[in-house]
Amino acid sequence: MARPRAIHVTWLACHGKLATKDRLCRFNIIHDSKCSLCKEVDESLGHLFFQCPHTLSIWKKILAWLEIVHTPSNWYDELHWVTNFNSRKGWKAIILKLASNEAIYGIWAYRNDVVFQHNTNRNTYDSILDCIVYRGWRSKKIRNHIASLMV
């Protein structure tokens, strides 16, 4: 149910092909590998998506909205956790799959806004949530569950 661009960015991230700063440094394309958001440690997949304070808060809010008790850790553990959770049946698994794709894309888009447009005013959580609600609302299977989460 996620947007094709969100699925594509998630696919790139899962295969280690996303152009994070640590990867660009390995190819000698850039020389500064510090995270674009927190500017504290090197920007890797794990840091950018699950360990950076800016993005970790987004994940925590999304999981709280989904009423899922989980604390994100590193990239590979989270990938494994989402994959296992999505192998279950039920509406929460469907929404988590949608939410994880849209969150990875939303965080990547936010990071690119900061890097290329110097725009830090974007409300990433709200835009991700809007996509989850809109895309999920189109599915009769989970529409009622999304409505109950919005109350």
Side-chain angles (χ1 to χ4, degrees), residues 1-23 34-117 119-151:
M1 284 187 290
R3 295 176 290 176
R5 69 180 97 180
I7 294 168
H8 180 71
V9 168
T10 301
W11 185 91
L12 288 172
C14 289
H15 288 84
K17 303 295 183 189
L18 214 52
T20 54
K21 284 187 170 183
D22 70 331
R23 190 162 191 264
K34 293 292 179 202
C35 176
S36 305
L37 304 177
C38 71
K39 298 181 182 9
E40 293 176 10
V41 297
D42 288 349
E43 181 185 279
S44 64
L45 279 174
H47 173 75
L48 179 63
F49 290 110
F50 296 108
Q51 295 165 336
C52 181
H54 298 279
T55 58
L56 183 60
S57 66
I58 294 169
W59 280 108
K60 287 181 178 180
K61 288 178 188 176
I62 290 170
L63 291 171
W65 181 76
L66 291 172
E67 299 173 354
I68 296 174
V69 179
H70 176 73
T71 303
S73 59
N74 66 52
W75 173 255
Y76 295 104
D77 288 345
E78 290 309 304
L79 198 56
H80 183 70
W81 178 77
V82 168
T83 304
N84 283 342
F85 196 97
N86 288 335
S87 66
R88 302 177 189 176
K89 293 183 178 181
W91 63 272
K92 274 197 178 180
I94 295 169
I95 295 176
L96 180 64
K97 187 185 296 184
L98 168 63
S100 59
N101 278 294
E102 291 295 342
I104 288 171
Y105 175 74
I107 290 169
W108 184 247
Y110 172 61
R111 177 253 186 218
N112 286 340
D113 274 356
V114 171
V115 170
F116 300 113
Q117 307 297 326
N119 180 11
T120 57
N121 297 327
R122 180 178 178 171
N123 191 337
T124 307
Y125 169 72
D126 284 345
S127 64
I128 292 169
L129 203 58
D130 287 347
C131 287
I132 295 168
V133 170
Y134 174 74
R135 302 294 289 194
W137 199 262
R138 296 173 58 199
S139 168
K140 292 178 184 177
K141 188 185 281 188
I142 62 171
R143 182 179 299 154
N144 293 334
H145 300 292
I146 286 185
S148 69
L149 291 171
M150 294 185 66
V151 175

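Everything numeric here is computed off the predicted structure, so don't read it as measured data.
- Counting only N and O atoms by type, the side chains of Asn101 and Thr10 include a donor and acceptor under 3.5 Å apart.
- The ring pair (Phe, Tyr, Trp, His ring centres under 6.0 Å) check on Trp65 picks up nothing, with sequence neighbours excluded.
- Checked against side chain to side chain contact (heavy atoms under 4.5 Å, CB included), His54 has the following partners two or more places apart in sequence or in another chain: Leu37, Cys38, Cys52.
- Listed by chain and residue number, Glu102 satisfy the side chain to side chain donor-acceptor pair (under 3.5 Å) test with Arg3 (two or more places apart in sequence, or in another chain).
- For Thr83, the side chain to side chain contact (heavy atoms under 4.5 Å, CB included) criterion is met by no residue, not counting sequence neighbours.
- Residues satisfying the side chain to side chain donor-acceptor pair (under 3.5 Å) test with Asn84, not counting sequence neighbours, are His80.
- For residues 63-77, there are no salt bridge (Lys or Arg N to Asp or Glu O under 4.0 Å) pairs, not counting sequence neighbours.
- Contacts of His70 classified as side chain to side chain donor-acceptor pair (under 3.5 Å), with partners at least two apart in sequence or in another chain: Glu78.
- The CZ atom of Phe49 sits 10.0 Å away from atom OG of Ser44, with the distance rounded to the nearest 0.5 Å.
- For residues 43-62, the set of pairs meeting the salt bridge (Lys or Arg N to Asp or Glu O under 4.0 Å) definition, not counting sequence neighbours, comprises Glu43-Arg111.
- Asp42 is linked by a side chain to side chain donor-acceptor pair (under 3.5 Å) to Ser33, counting only residues two or more places apart in sequence or in another chain.
- Counting heavy-atom neighbours within 6.0 Å of Lys97 NZ, excluding the residue itself, gives a total of 12 or less.
- Remark: Ile7 CD1 to Leu98 CG distance equals 9.0 Å, nearest 0.5 Å.
- Sorted by first and then second residue, the salt bridge (Lys or Arg N to Asp or Glu O under 4.0 Å) pairs involving residues 122-136 (not counting sequence neighbours) are Asp113-Arg122.
- The line from CG of Leu149 to CD1 of Ile132 is 10.0 Å long, rounded to the nearest 0.5 Å.
- Note that CG of Asn112 and OG of Ser36 are 8.5 Å apart. Values are rounded to the nearest 0.5 Å.
- Sorted by first then second residue, the ring-ring contact (aromatic ring centres under 6.0 Å, His included) pairs that include residues 126-148, not counting sequence neighbours, are Trp91-His145.
- Shown here are the ring pair (Phe, Tyr, Trp, His ring centres under 6.0 Å) partners of Phe85, two or more places apart in sequence or in another chain: Trp81.
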